[in-house]
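Every heavy atom of this structure was used, including side-chain atoms; hydrogens, water molecules and symmetry mates were not.
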Number of protein chains: 2
Amino acid sequence: MDAKIIDVAKKAGVSPATVSRVLNQTSTVSEKTKNKVMTAIDELGYHPNAAAKNLRSQKTRMIGVIVPDINTSYFTEIIKGIENMAYASNYNVIICDAENQAEKEMEYLNLIMNRTVDGLIMVAPSIADEQLFQIADKGYFIAVIGRHVEHDRIPCIYTDNVKFSRTVVEHLLEGGHQDIVFLSGYPTAIDSYERLEGYLKALRDHHIPFRPELVENGNFNEVGGYEAMMRLFEKKLQFTAVYSANDEMALGVYRACAEVGLTIPTQLAVVGVDNNRISKYITPTLSTVNQPKYTMGALLVEKLIDQMNEDTYPEKRVFVLDSELIIRNSSNVPMSK
Amino acid sequence: MDAKIIDVAKKAGVSPATVSRVLNQTSTVSEKTKNKVMTAIDELGYHPNAAAKNLRSQKTRMIGVIVPDINTSYFTEIIKGIENMAYASNYNVIICDAENQAEKEMEYLNLIMNRTVDGLIMVAPSIADEQLFQIADKGYFIAVIGRHVEHDRIPCIYTDNVKFSRTVVEHLLEGGHQDIVFLSGYPTAIDSYERLEGYLKALRDHHIPFRPELVENGNFNEVGGYEAMMRLFEKKLQFTAVYSANDEMALGVYRACAEVGLTIPTQLAVVGVDNNRISKYITPTLSTVNQPKYTMGALLVEKLIDQMNEDTYPEKRVFVLDSELIIRNSSNVPMSK
DNA sequence: CGACAAAATGAAATCGATTTCACATATTAC
DNA sequence: GTAATATGTGAAATCGATTTCATTTTGTCG
């Protein structure tokens, strides 16, 4: 069906080698033959077969990205950063949605093992360190966003969860809040754990007793956040603020408050994490922690590409980026007594 | 670096052909040799090279999906449907984010022309009909979500924008609203146009004069919706309801109202479109039109796969799905006079 | 103008799998 | 026990590009 390089060559009266040279600018070709080849390509509507090209050249100029969920703006923002930077370096990006299933995540590792992609970025992977090491040790290029990985060949980038969590809690303490709920995401996610750690450390530093009953799991989504809050309300616990480990859950908190008739921020202060698109559009506007999502993606893919091209160990491999507390209306009123 | 099929063959003491047969179950192999081959594969950690496989077999078992924007839940829900159904049929999905750039969309067409994918799904494409026809006529498998395409070889699926828009407007008219703002998306998008058409028809049917100054463009996102409303407020126009062509813009409407001190729904009724994740979490909960996003993706990819496997014209090619108006709190109070 | 370097081009090998075809071995039927 | 069939396996061709190496053509200079 499709025209092949040999057809182009015949039509232009040259050899396939020359056609290849015109297309890839791999050596000089005279202006005259270049033109003949180009018109032949145009007339035949020739598109080089990717498989043949990949097979011979042993590269694909594709980068795979595995994300836990494609329907989460935190991840899609990261993807945008990856895509744009990759595009600029002439790489295509294959996005893979693991749908929060470890099994699917594992399946997608095939992309790199079977050389469909030249490199692989795993965003907030659930896979164990050792598995990552194994892949890297075999010589494949992988990189990780969202957690620390201790391996020479694996660049990684993340933000300091503990640090910004302390900032959040201290912000609430300054507002006069002592009884602060912590809404956690998936218990298995490292982010959940580290954010809880920051919460605990801040309390300890300020000599506030930790009340375990104020920690609830909301699975990082609206439904979970809503249900977690409802559980807390039912237990009639005393609290005046909520630190939600992401913005989606905070939205669930808003809904729960609307239903039980609690006013934010006067009766309950709320702070989220991620600064997602809608956080400044909901009412009241949501205080949250801005993470440099786009930058994380862009920076890491850049490192990965460098590494692939030079096939060398990068001088700097671990990137811990700063995040920033954005105080909006959901937490900017000191507690009314 | 990687083990090749010949290495496996040598280790197992068989020919490459046999290894291939074991892996692809393309003909019977004795239990004994099968075991030898499998252990050799295990020991070597062999992964068949995708490029070689694709080249020889002339297929990739990959399906490309081009979406206008990956950071929009309407599209990601569609993707979920595509992915899951494709996965079930043993196809992998490559997601491509055109970032609302026609140029990028065009670039991604290369995926099918160069046979990186076996089939291509274009979601709400901006490309012209004729270009689509050309591709299909060359024998490539493509399918379209979100608009009607009149070509024997191109399956398509969409909802009836005109129809549900009438329903929305009639719902508002029943609530006593006569001065209804229409917030449009990108002017170039067919969805914008058809939704406006439904709005106009409903007004005409009910003998309500059309006031062009009540139509504003909000680009399908929060910022646009917010700015559009602010423009309307500044002009001090008289209106009591807003039909927003999607939920994201409706969120912008909410924000604008919060800032100027208008209460929804008592002072302004709002209806959106898409029923996105957050629409029932914001306050007041947003009336909206539910589109069968997941189903659209799943159904269409199924058709595409059928077509690819049978290489035949499908009996049914055009699917117009029903959508449903979900009345929530943002519009359920009759206008207070 | 002849010698030599540089530029342009082609023939053939190659990438790593699948697939065809032929052949060997095992099984069944009579 | 032999013929006929079914099953299992290997050698070699093949997919469509790139790349190496050799060769031809062009250009430069004394």
Whole Å only: how far is the [atom1] atom of [X] from the [atom2] atom of [N]?
{"X": "B:Asn54", "N": "C:dT19", "atom1": "CG", "atom2": "C1'", "result": "16 Å"}
{"X": "B:His47", "N": "C:dC15", "atom1": "NE2", "atom2": "P", "result": "21 Å"}
{"X": "A:Lys53", "N": "D:dT19", "atom1": "NZ", "atom2": "C1'", "result": "13 Å"}
{"X": "B:Lys10", "N": "D:dG10", "atom1": "NZ", "atom2": "P", "result": "14 Å"}
{"X": "A:Arg56", "N": "D:dT20", "atom1": "CZ", "atom2": "C1'", "result": "8 Å"}
{"X": "B:Arg21", "N": "D:dA11", "atom1": "CZ", "atom2": "P", "result": "11 Å"}
{"X": "B:Gln25", "N": "C:dT18", "atom1": "CD", "atom2": "P", "result": "12 Å"}
{"X": "B:Asn24", "N": "D:dG8", "atom1": "CG", "atom2": "P", "result": "17 Å"}

Worksheet item: On the ring face of B:Tyr158, is B:Arg147 found with NZ or CZ under 6.0 Å from the centre and within 45° of the axis?
Response: no
Item to complete: Measure from NZ or CZ of B:Lys316 to the centre of the six-membered ring of B:Phe319 and say whether it is under 6.0 Å with the direction within 45° of the ring axis.
Response: yes
Worksheet item: Between B:Glu150 and B:Arg317, does at least one N-O distance fall below 4.0 Å, as a salt bridge requires?
Response: yes
Closest to side chain of [X], choosing from [options]:
{"X": "B:Pro48", "options": "C:dA11, C:dG16, C:dA17", "value": "C:dA17"}
{"X": "A:Ser30", "options": "D:dA17, C:dA7, C:dT9", "value": "C:dT9"}
{"X": "A:Asn49", "options": "C:dA17, D:dA17, D:dT18", "value": "D:dA17"}
{"X": "B:Thr28", "options": "D:dT7, C:dT18, C:dG16", "value": "D:dT7"}

So [X], base contact, sugar-phosphate only, or nothing? Heavy-atom distance under 4.0 Å.
{"X": "B:Thr18", "result": "sugar-phosphate"}
{"X": "B:Val19", "result": "nothing"}
{"X": "B:Thr26", "result": "nothing"}

Check whether any side-chain N or O of [X] sits under 4.0 Å from OP1 or OP2 of [N], and answer yes or no.
{"X": "A:Ser57", "N": "D:dT19", "answer": "no"}
{"X": "B:Ser15", "N": "D:dT9", "answer": "no"}
{"X": "B:Tyr46", "N": "C:dG16", "answer": "no"}
{"X": "A:Thr33", "N": "C:dT9", "answer": "yes"}
{"X": "A:Gln58", "N": "C:dG16", "answer": "yes"}

Worksheet item: Are B:Lys80 and A:Ile70 side-chain neighbours, meaning at least one heavy-atom pair lies under 4.5 Å?
Response: yes
Worksheet, complete the sentence: When rounded to the nearest 0.5 Å, the distance separating OH of B:Tyr108 from CG of B:Leu120 is 11.5 Å
Discussion item. For the CD atom of A:Glu105 and the CD1 atom of A:Ile127, what is their distance to the nearest 0.5 Å?
Written reply: 6.0 Å
Worksheet item: Starting at the 5' end of DNA chain D and moving along, which residue's nearest nucleotide shows up first, B:Ala52 or B:Glu31?
Response: B:Glu31
